[in-house]
Amino acid sequence: MSPQSGPVVVPLRSVEQLTQLYRDVLSPSFPPAELVSLSSFLADHAAGHLESLGVVEVPDGAAPPSGQGAAGPRSGTADGEPGEAPAGRVVAGVVGSWSAEARVLLVQYLAIAPGRRGGGIGAALLGAAVAAWLTNLRPVMVLGEVEHPGFHSASEAHGDPEARLRFYARHGGRVLAVPYFQPGNAPGAERVPALLLMTLATEDPTATSVPAAPLRTFLREYFVDSEGSLTDDAPTRALLAAVAGERVELVPADELDRVPVGLLDETSLRAPAAPAAL
C-alpha cells in the first residue's frame, strides 16, 4: 500500500493472513475477555461463520494482495489447507458474523494495528466492508458492539471508547435502546458488561427504530452459539425483554442517558458452566 494509493481493502482468506490479523491487529487491540481463541477464530472462518476483510500493506512496487476489489461473503482457505501467503503485512481488519436466519450481520471486531491508527484506514475499511456485505448479503441490519464510555476507561493498549463511539456515529451508527452486554465466548467464560449495541446500517436509514423480531432471533442465536445455551439470569432476561415488542428505538450516540445499561453483578459476570436454559 503506497501512501499515494490509500488503503486497499481485500478479503483475508488464507490461514496466514487470518493468523496475522489475529496476532498483530486484534490481540493488541482488545481485552482477552472480548476475543475468541485463535483456534476458534480460524475454525469459524473455515466453517463460514466469520468473514474478514483487511488492509494489507505491501512494499512499494510490489503487486497488490490477491483478491483486490473482490470483497465478498466467502472465506476461502481458513480450513487448514495450504493457502496463498499474504503479499504483505495485515495492518487493519474487520470481522463480520452473519446470521442467515435473522438476516443480521454483526461486526465482531474492527481494529488497526498499533502505530498505524489514523490516516483514514478505519473509515475506508468499515465503508468497504459494510458496502460489500450490504450488496452480497442484503441484511436487515448491520450491528456493532462498542464499550459504553461511561463505564469503560480509555487505555493506550485498547483505545478510547468515547473516540470509538464518535467514529461509529460519524459513519451513521446509532445505539439500540437495550441493556446490552457481550456474552461469554464459552460456557463459564467472562462476559463483558456495559456494551452498546449499535446499528451501522439498516434497511431504512431514516427510521428511528428497527424491527425487533430479527434482533430477538440474532440475540438468541448469538448467546447460544457463544455460551452454549440461553441462560435464565436477570441480565439476559432484561436484554430479551427489551426486544420483546414490535420495534426497538434507535438513539443518537450523544444521548446515551436514554439507553439502559447492561450491568452485571458477581453472579452474572460469567456465563454459567452448566446454564439452565430458558
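The analysis underlying the following values was restricted to heavy atoms, covering all of them including side chains, and did not include hydrogens, waters or symmetry mates.
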Practice item. Would you give the length of the straight line joining atom CG of N136 to atom CG of L105, rounded to the nearest 0.5 angstrom? Key: 10.5 Å
Study note, to complete from the structure: For L200 and G173, the nearest pair of non-hydrogen atoms, with its separation, is CD2-CA, 4.2 Å
**Study point:** Where P187 and A273 come nearest, the two heavy atoms and their spacing
**Key:** CB-O, 3.7 Å
Check your understanding: Is there a path from V224 to L215 through hydrophobic residues (I, L, V, M, F, W, Y) whose side chains come within less than 4.5 Å of each other?
Key -> yes
Practice item. Could you check if a side-chain atom of F181 sits within less than 4.5 angstrom of a side-chain atom of L263, using non-hydrogen atoms only? Key: no
Check your understanding: Do any pairs count as a salt bridge (Lys or Arg N to Asp or Glu O under 4.0 Å) and have a residue in residues 185-200, sequence neighbours left out, and if so which ones?
Key -> R191-E227, R191-D233
Practice item. Answer whether the closest heavy-atom distance between the side chains of P31 and V192 falls below 4.5 Å. Key: no
**Study point:** Sole candidate of Q17, Q108, H45, R13 that passes side-chain hydrogen bond (donor to acceptor under 3.5 Å, both in side chains) when paired with S52
**Key:** H45
Revision key, fill the gap. By side-chain hydrogen bond (donor to acceptor under 3.5 Å, both in side chains), S268 pairs with (sequence neighbours left out) D265
Review point. Do P211 and V140 touch side chain to side chain, with heavy atoms closer than 4.5 Å?
Key: yes
Check your understanding: Please walk me through it: do R174 and T202 pass side-chain contact (heavy atoms from CB on, under 4.5 Å)?
Key -> CA-CA 10 Å; R174 291 176 291 172; T202 59; 4.0 Å; yes
Review point. Under a 4.5 Å side-chain heavy-atom rule over Ile, Leu, Val, Met, Phe, Trp and Tyr, are L269 and V261 clustered together?
Key: no
Review point. Do V95 and L21 come close enough that some side-chain heavy atom pair is under 4.5 Å?
Key: yes
Exercise for review: Could you tell me whether the side chain of V94 reaches within less than 4.5 Å of the side chain of V107, counting heavy atoms only?
Suggested key: yes
Point to revise | side-chain hydrogen bond (donor to acceptor under 3.5 Å, both in side chains) involving E145 - partner list, sequence neighbours excluded | key: Y180, Q182, Y222
Check your understanding: With sequence neighbours excluded, what pairs up with E249 under the salt bridge (charged side-chain N to carboxylate O under 4.0 Å, His left out) test?
Key -> R258
Exercise for review: Please answer: with hydrophobic residues joined when any side-chain heavy atoms are less than 4.5 Å apart, are L137 and V9 in the same cluster?
Suggested key: yes
Review point. Just how far is it from atom CZ of R170 to atom CZ of R166, taken to the nearest 0.5 Å?
Key: 7.0 Å
Review point. For S209, which residues count as a side-chain hydrogen bond (donor to acceptor under 3.5 Å, both in side chains) partner, sequence neighbours excluded?
Key: R247
Exercise for review: Please identify each residue that fulfils side-chain hydrogen bond (donor to acceptor under 3.5 Å, both in side chains) with S155, with sequence neighbours left out.
Suggested key: none
Practice item. For the residue pair L126 and F167, establish whether any side-chain heavy-atom pair is separated by less than 4.5 Å. Key: yes
Review point. What distance do L26 atom CG and L110 atom CG have between them, rounded to the nearest 0.5 Å?
Key: 9.5 Å
**Study point:** Closest non-hydrogen atom pair, P161 against V146
**Key:** O-CG1, 4.3 Å
Point to revise | Side chain to side chain, E51 and W133, heavy atoms closer than 4.5 Å | key: yes
**Study point:** Sequence-distant partners of H152, ring pair (Phe, Tyr, Trp, His ring centres under 6.0 Å), two or more places apart
**Key:** none
Review point. In chain order, what residues pass the salt bridge (charged side-chain N to carboxylate O under 4.0 Å, His left out) check against R138, with sequence neighbours excluded?
Key: none
Revision key, fill the gap. CG (L239) and CZ (R220) are apart, to the nearest 0.5 Å, by 10.0 Å
Exercise for review: Indicate the atoms forming the closest heavy-atom contact of V25 with A111, along with that distance.
Suggested key: CG1-O, 3.4 Å
Check your understanding: Looking at side-chain heavy atoms only, is the closest gap between D232 and T236 below 4.5 Å?
Key -> no
Review point. How are the rings of Y22 and F41 set relative to one another: parallel (under 30°), tilted (30 to 60°) or perpendicular (over 60°)?
Key: tilted
Check your understanding: Should L256 and V251 be counted in the same cluster of Ile, Leu, Val, Met, Phe, Trp and Tyr side chains packed under 4.5 Å apart?
Key -> yes
Check your understanding: More than 12 non-hydrogen atoms from neighbouring residues, nucleotides or ligands closer than 6.0 Å to CD on E255, yes or no?
Key -> yes
Check your understanding: Taking only residues two or more places apart in sequence or in another chain, which ones pass side-chain contact (heavy atoms from CB on, under 4.5 Å) with T19?
Key -> V15, R23, L38, L42
Practice item. Of all the heavy-atom pairs spanning N185 and A33, show the shortest one and how long it is. Key: ND2-O, 3.3 Å
Practice item. Ignoring hydrogens and angles, state whether a donor on the side chain of T206 or D204 is under 3.5 Å from an acceptor on the partner side chain. Key: yes
Check your understanding: Closest approach of A113 and R89, non-hydrogen atoms and distance?
Key -> CB-NH2, 3.9 Å
Review point. Per the side-chain contact (heavy atoms from CB on, under 4.5 Å) rule, which among L176, L143, L165 passes with M198?
Key: L165
Study note, to complete from the structure: Sequence neighbours excluded, the answer for ring pair (Phe, Tyr, Trp, His ring centres under 6.0 Å) partners of H49 is none
Review point. For R164, which residues count as a salt bridge (charged side-chain N to carboxylate O under 4.0 Å, His left out) partner, sequence neighbours excluded?
Key: E147
Study note, to complete from the structure: residues 90-115 vs ring-ring contact (aromatic ring centres under 6.0 Å, His included), sequence neighbours excluded, gives F30-Y109
Study note, to complete from the structure: The single option from L240, V243, V248 that satisfies side-chain contact (heavy atoms from CB on, under 4.5 Å) with R216 is V243
Point to revise | Residues, nucleotides or ligands: over 12 heavy atoms within 6.0 Å of E221 CD | key: yes
Check your understanding: Out of curiosity, does V175 fall in the hydrophobic cluster containing F151 (side-chain heavy atoms, cut-off under 4.5 Å, transitive links)?
Key -> no
